[in-house]
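Down below is the structure, laid out as structure tokens.
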Amino acid sequence: MKPIRSLAGPVLLAGIVLFLPVKGVPFPQTKTPNFYRDVLPILQDHCQNCHRPGEIGPMPLLTYEQSRAKASAILQRVRAKTMPPWFADPKYGRFANDPSLTTEQIETISAWVGGQTPAGNPKDAPPEKFWVSGWNIPQPDEVVRMPEAVVIPAKGEIEYTYEILPTGFKEDKWIQMAELRPSSREHVHHAVVYIRPPDSPWLRNAAVNVAFTGSALTDAHEQHDAHWTDSDMLLVYAPGSSPDHWPDGMAKFVPAGSDLVVQMHYTTNGHQARDQAAVGLVFAKQLPSQRVLTLQLTNSHFSIPPGDDNYRVDISGTLPNDATLLGFLPHMHLRGKAFEYNILYGRGRIETLLRVNFDFRWQLTYRLARPRPLKAGTRLQAAAWFDNSSKNAHNPDPHRTVIWGDQTSDEMMVGFFDVAVPRNVDKQQYFIRQ
């Protein structure tokens, strides 16, 4: 049987494909990935924001020597897909800050480790990534810092700690990026930074630039208000959460003369420490067209039975006005198992926007790849599942009925979400239904 083609290249003979060399063109060679050309770009884009000095990663991964020493551990974690941390179910939504590695990137690291971690030529390395020391945002235009460190005891439960920090702003500011930096990260369960405009009565009898707790306030009304406020949030910090970085044309608003009220939830770990938190702010370069508001869906009325490994708590509400949905930050404690954000339509139809397999140690922010315009009246739902059984290795007491509470041994169910609204609409105005 004559071949269909007699030229060099693929030849079909009796149903079998043969590859013949083309003159001057060698067969492709499989190259073992090397560090500088193949692995370093992956580390720069997906790992070094945490794995560098002063950040949350336990070891830096900036150089060949550092990465080669941890090559086996890196391979184990990326194959298991536990690093980089990301807990969104891929069946629901696409997210701009998803650091997950592709199959090809995982195979590249696997082949590099299997090939005895060759260095390659340093000239093939990508340009060195510039990191601002002490920040995961560009160099802040303004840093608002606690003037004195807060002393954290070695043992016991710590009541929420507040500190009112004047901004000193002489003019209104639009904040495009914001980051809270505790100096003792391992002692911070979470933190919320509120914006207190100069005309707000909230906590007006509390001292400024001094740490205090709600119970230390002499007025019963202010003791209550320490925990519940309608003030706008600048940012929310939790283990593993990323700084706020809003798209061009969007920013948060801080009026001239405002204070930042920092709510810190400290925890003890057997070692006394001191924390002096700071808030870094990057101002918008141009007047934005939209204002970002952080809202929340919260259900504080639940009772999780002992031993229940899949207890559901949910809450829903309708948007009072049009808004553009930007992202989510679910918050629970040690019994948290899963969290969902849904749109509820009529006749039982549900659209799931995000489903998270919750990990208390990594409370991540999930930024939509494409912001979602939503009409007034859209019903958003937050749903959470808790594991209060002995199967939960993090459960401090599977024999206890668990209710809402501030401490890590209690539980919370909070679904933070961010929306963009017209620039001239503040939080109070947004909730006036038309």
Side-chain angles (χ1 to χ4, degrees), residues 87 159-160 162 180 188-196 202-203 214 223-239 241 244 252 261-265 292-304 311-321 323 325-344 350 352-356 358-360 363-366 374 377-388 401-419 421 426-428 430-433:
F87 305 100
E159 190 180 348
Y160 280 14
Y162 295 82
L180 179 117
V188 180
H189 169 282
H190 80 269
V192 182
V193 181
Y194 296 95
I195 301 166
R196 188 177 74 169
W202 185 45
L203 298 177
Q223 288 180 0
H224 174 270
D225 282 358
H227 289 271
W228 301 99
T229 179
D230 59 1
S231 292
D232 199 7
M233 284 177 262
L234 176 65
L235 62 88
V236 180
Y237 169 93
S241 62
D244 285 346
K252 289 208 168 182
V261 181
V262 183
Q263 179 200 77
M264 303 292 295
H265 181 184
V292 178
L293 302 175
T294 297
L295 309 178
Q296 63 190 72
L297 287 163
T298 299
N299 188 339
S300 59
H301 302 286
F302 56 81
S303 180
I304 308 173
Y311 188 82
R312 176 177 168 133
V313 178
D314 60 53
I315 185 72
S316 70
T318 58
L319 295 181
N321 289 285
L325 183 63
L326 303 177
F328 313 97
L329 173 59
H331 179 66
M332 297 189 282
H333 292 177
L334 294 170
R335 296 170 180 85
K337 179 179 180 180
F339 205 104
E340 274 186 3
Y341 291 84
N342 303 306
I343 296 178
L344 303 184
I350 299 175
T352 297
L353 304 172
L354 169 69
R355 181 177 174 84
V356 171
F358 190 79
D359 188 324
F360 175 76
Q363 299 186 49
L364 306 183
T365 303
Y366 299 87
L374 297 175
T378 299
R379 181 167 290 277
L380 284 178
Q381 180 195 59
W385 288 262
F386 297 88
D387 183 353
N388 193 23
T401 297
V402 182
I403 61 174
W404 174 280
D406 291 346
Q407 299 302 323
T408 309
S409 56
D410 305 316
E411 269 305 334
M412 285 190 175
M413 187 280 189
V414 184
F416 295 105
F417 62 101
D418 301 303
V419 298
V421 299
D426 64 22
K427 188 174 180 180
Q428 283 69 35
Y430 179 71
F431 279 96
I432 299 173
R433 296 181 184 270

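- Taking the six-membered ring for Trp and thresholds of 30 and 60 degrees, F360 and H333 have ring planes more than 60 degrees apart, a perpendicular arrangement.
- The two atoms that bring L297 and G317 nearest to each other are CD2-N, 4.0 Å, heavy atoms only.
- Residues F416 and L295 fail the side-chain proximity criterion, which asks for heavy atoms closer than 4.5 Å.
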_As a quick check of understanding, evaluate ring pair (Phe, Tyr, Trp, His ring centres under 6.0 Å) for H189 and Y160, giving each step before the final call._
CA-CA 10 Å; H189 169 282; Y160 280 14; 7.8 Å; no
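- With hydrogens and angles disregarded, a donor-acceptor distance shorter than 3.5 Å links the side chain of N299 to the backbone of H301.
- Between the side chain of R335 and the backbone N or O of S409, at least one donor-acceptor pair lies under 3.5 Å.
- Taking each heavy atom of I403 and D410 in turn, the nearest pair found is O-CB, 3.8 Å.
- The nearest pair of heavy atoms linking Q263 to Y162 is NE2-OH, 3.2 Å.
- Using modelled atom types, no side-chain atom of D244 and backbone atom of L235 make a donor-acceptor pair closer than 3.5 Å.
- Residues V421 and L293 meet the side-chain proximity criterion, which asks for heavy atoms closer than 4.5 Å.
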*I315/M413 under side-chain contact (heavy atoms from CB on, under 4.5 Å): CA gap, chis, key distance, verdict*: CA-CA 9 Å; I315 185 72; M413 187 280 189; 4.0 Å; yes
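- Taking the side-chain hydrogen bond (donor to acceptor under 3.5 Å, both in side chains) definition, one finds that S300 meets it with nothing, sequence neighbours left out.
- Without hydrogens or angle criteria, D406 side chain to E159 main chain gives no donor-acceptor distance under 3.5 Å.
- Atoms CE and NE2, from M412 and H265 in turn, are 7.5 Å apart once rounded to the nearest 0.5 Å.
- Between L334 and E411 the shortest heavy-atom distance is N-OE2, 3.2 Å.
- Between Y341 and F339, the ring planes are tilted. Angles from 30° to 60° get that label.
- Judged by distance alone, the side chains of K252 and T294 do bring a donor and an acceptor atom under 3.5 Å apart.
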*Evaluate side-chain contact (heavy atoms from CB on, under 4.5 Å) for D314 paired with Q381, printing each intermediate quantity in order.*
CA-CA 7 Å; D314 60 53; Q381 180 195 59; 4.1 Å; yes
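- Listed here is the closest heavy atom pair of A383 and W385: O-CZ3, 3.6 Å.
- Of the N and O atoms on the side chains of R379 and T318, not one donor lies less than 3.5 Å from an acceptor on the other residue.
- Side chains of R196 and T229: no donor on one and acceptor on the other come within 3.5 Å.
- Pairing each heavy atom of L364 with each of L329, the nearest pair is O-CD1, 3.1 Å.
- By the 30° and 60° cut-offs, the orientation of the rings of F302 relative to F386 is parallel.
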*Test side-chain contact (heavy atoms from CB on, under 4.5 Å) applied to Q428 and D230, step by step*: CA-CA 8 Å; Q428 283 69 35; D230 59 1; 3.9 Å; yes
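- Between W202 and Y194, the distance from one ring center to the other falls under 6.0 angstrom.
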*side-chain contact (heavy atoms from CB on, under 4.5 Å) assessment of Q363 paired with S241*: CA-CA 6 Å; Q363 299 186 49; S241 62; 5.6 Å; no
